[in-house]
Amino acid sequence: MATTACFIIVSRNDIPIYEAEVGSATKREDAAQMHQFILHAALDIVQDLAWTTSAMYLKAIDRFMLLHDSRNDDGIKSFFQEVHELYIKILLNPLYLPGSRITSSHFDTKVRALARKYL
């Protein structure tokens with residue numbers, strides 16, 4: 001089954017630090033812009049919820065967001081867990097400045113491989 005997904009990591013300052021279009025479905029010309037629009041609209045909703053409830057700790061953390069069309073909850077959970085481990089490794093790198101764009105080709109390759117494996 002062909003899937004389409006867009007994954008984004010947003011810093012605590014609401015700056016996208018990593019974006020990837022992943023999936024095996026054929027891509028339309030405007031798909032990337034549409035995915036970004038939907039993810040940023042969803043980010044606005046998450047941000048509004050973060051400020052209206054005290055139970056959410058979203059005010060001071062980076063956010064991982066995935067736009068997908070699959071129903072594989074276990075795969076999505078595994079994808080997020082493994083990408084989070086990769087992200088922690090990036091943060092532990094003394095040459096990486098937190099909040100700056102992730103330009104590592106190794107990170108990008110691993111994220112895309114995880115997306116093929118789990119999504």
In residues 97-105, what donor-acceptor pairs under 3.5 Å come from side-chain atoms, sequence neighbours left out?
| unit_1 | atom_1 | unit_2 | atom_2 | d |
| --- | --- | --- | --- | --- |
| Ser100 | OG | Leu97 | O | 2.6 |
| Arg101 | NH1 | Pro16 | O | 2.8 |
| Ser104 | OG | His106 | N | 3.3 |
| Ser104 | OG | Phe107 | N | 3.1 |

Test ring pair (Phe, Tyr, Trp, His ring centres under 6.0 Å) applied to Tyr87 - qualifying residues, sequence neighbours left out
Phe64
Measure the shortest side-chain to side-chain distance between Ile8 and Tyr18 over non-hydrogen atoms and say whether it is less than 4.5 angstrom.
no
So, using side-chain contact (heavy atoms from CB on, under 4.5 Å) as the criterion, who are the partners of [X] when residues are at least two apart?
X      : answer
Asp73  : none
Ile15  : Ser11, Asn13
Arg116 : Arg112, Ala113

Looking at residues at least two apart in the chain, or sitting in another chain, which of them share a side chain to side chain donor-acceptor pair (under 3.5 Å) with Glu82?
Tyr118
Can you measure from CD1 (Ile9) to NE2 (His84) and round to the nearest 0.5 angstrom?
9.5 Å
Using every non-hydrogen atom in the two residues, find where Leu86 and Leu114 come nearest and quote the distance to one decimal.
CD1-CD1, 3.7 Å
Nearest heavy-atom pair of Tyr96 and Leu91: which atoms, and what distance?
CE2-CD2, 3.7 Å
Is it true that atom CG of Asp74 has more than 12 heavy atoms of other residues, nucleotides or ligands lying nearer than 6.0 Å?
no
